[in-house]
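Numbered from 1 within each chain, the chains take letters A, B, ... in sequence-line order.
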There are 2 protein chains.
Amino acid sequence: MSNLQDWKGARREAARAAIVAAAWDAVGEVGLSGLSIRDLAKRAGITTPTIYAYFSSKNDVYDAMFLQAAEDFERHMTAPASDPAPERALVEGARRFMEFCRADAPRYQLLFQRTIPGFEPSADAYAPAVRALEVARNLLASVGISDARSLDLWTALNTGLVDQQIANDPDGERWSSLLEDAVAMFLTHVRPRRSTTRSRNR
Amino acid sequence: MSNLQDWKGARREAARAAIVAAAWDAVGEVGLSGLSIRDLAKRAGITTPTIYAYFSSKNDVYDAMFLQAAEDFERHMTAPASDPAPERALVEGARRFMEFCRADAPRYQLLFQRTIPGFEPSADAYAPAVRALEVARNLLASVGISDARSLDLWTALNTGLVDQQIANDPDGERWSSLLEDAVAMFLTHVRPRRSTTRSRNR
DNA sequence: GTCTATAGCTGGATAGAC
DNA sequence: GTCTATCCAGCTATAGAC
């Protein structure tokens, strides 16, 4: 019996995933806030009421998109670093963030800019994004930075570079090429000096 | 005759301004992309067709809002600095940018985030914003920074702080309190060392 | 210029047959 | 679960009287 329920649940999840995939197609063309249920149904090859068999509302569709985006984000950011040296891993983390955001502008808008009136992601959908921020915290800790202000400065620096890149030079490298330089600037500023006494920052 | 035309033109501009003012009221409540001509007319105390006596389309209303916002931005950023010391003026410029953006979230969204599908500001509306960027360029030049990469890093740092502040702590000071620190970080990193020979950077 | 009235459409969401 | 058919609200924009 459990098998049957699993099977039905999997079918349902597959159908939901197909609709969400069509939704990403749609927002890629008409913009994030231009998503409409009718158009979505057409793209998914079904009819309007069928959408409501899988989602309770349009915002529920947005929420499923948010969840998927947040899971992708977590996966993207938690992949093992290619270089074990902490400083290089930090640069790689910043670059990964840039690349993830640039790869899909509507996804970036949904995840990081709050721009759809009336939509707030559910706690479940939000959770993976929170876990991904933990990655940044750990990366910074590995280079000796653990205070909250420095973490905030780090996120500001990263989102600023991404924001300018996407808004003003979506197909170039004008800001992404500054990334290495920006990380160096950040590290020089916030990293505790190599202390003479071993007990510092303990 | 010219007097009559001026008078009529002024009347027309006043009527347009009143509609734009009502539009700012509206977007403050329903969100930038939630603006509707009907609601706007109601708020302005007129009827729908009258809107079209002053604006050719909904995007034309957005364009007038953009122009006004860009003019306000230019005024806000070009006001004389309270402290003539270049470093202090730079910090003040950054703080002005933060305060201007925080003061009105929909205005920030319209001016700096491109989030309304199908709307692009006209060149006329955009011009004041470009002139305001010149202020940043001049401020940086006054502390000896004139390369394009540093200017880009400066804008990224500023927008990043603002973005995080608005998105994640709209009523607090979590990122705006980092501003002074961030400027110090930036200056240490990009400012040419005080050279022993006077001819450097000449 | 401003109104009433409405065209013409598209939106989210649902009823009920199958 | 999926469909046809549809409700009803909202939208942008316009026609035409005054």
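Taking atom CD1 on Ile46(A) and atom C1' on dC3(D), their separation rounds to 11 Å, with Å as the unit. Atom OH in Tyr54(A) sits about 18 Å away from atom C1' in dA13(C), given to the nearest Å. With rounding to whole Å, Arg12(A) atom CZ is found 10 Å from dG1(D) atom C1'.
Taking the six-membered ring for Trp and thresholds of 30 and 60 degrees, Phe100(A) and Phe73(A) have ring planes inclined between 30 and 60 degrees apart.
If you take CG on Leu67(A) and CG on Leu111(A), they are separated by 10.0 Å, rounding to the nearest 0.5 Å.
Near DNA chain C, defined here as any heavy-atom distance below 4.0 Å, there are no residues from residues 19-30 of chain B.
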field: Contact state string [nucleotides 5-17 of chain D, B base, S sugar-phosphate only, - no protein heavy atom under 4.0 Å]
entry: B-----BBBBB--
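Ion pairing between a basic and an acidic side chain is recognised when a charged N comes within 4.0 Å of a carboxylate O; Arg131(B) and Glu134(B) show no such pairing. Taking a cutoff of 4.0 Å between a charged side-chain nitrogen and a carboxylate oxygen, Glu92(B) and Arg96(B) qualify as a salt bridge. Asp72(A) has a carboxylate O that lies under 4.0 Å from a charged side-chain N of Arg75(A), or vice versa, which qualifies the two as a salt bridge.
Between the side chains of Thr155(A) and Asn158(A), no donor N or O sits under 3.5 Å from an acceptor N or O. Side-chain contact annotation: Gln109(B) with Thr115(A), donor-acceptor N/O pair under 3.5 Å present.
Under the rule for a side chain to side chain contact (heavy atoms under 4.5 Å, CB included), the partners of Asp63(A) that lie at least two apart in sequence or sit in another chain are Asp60(A), Phe119(A), Pro121(A), Ser122(A), Ala125(A).
Phosphate proximity of dC3(C) to Thr47(B): present, with a side-chain N or O under 4.0 Å from OP1 or OP2.
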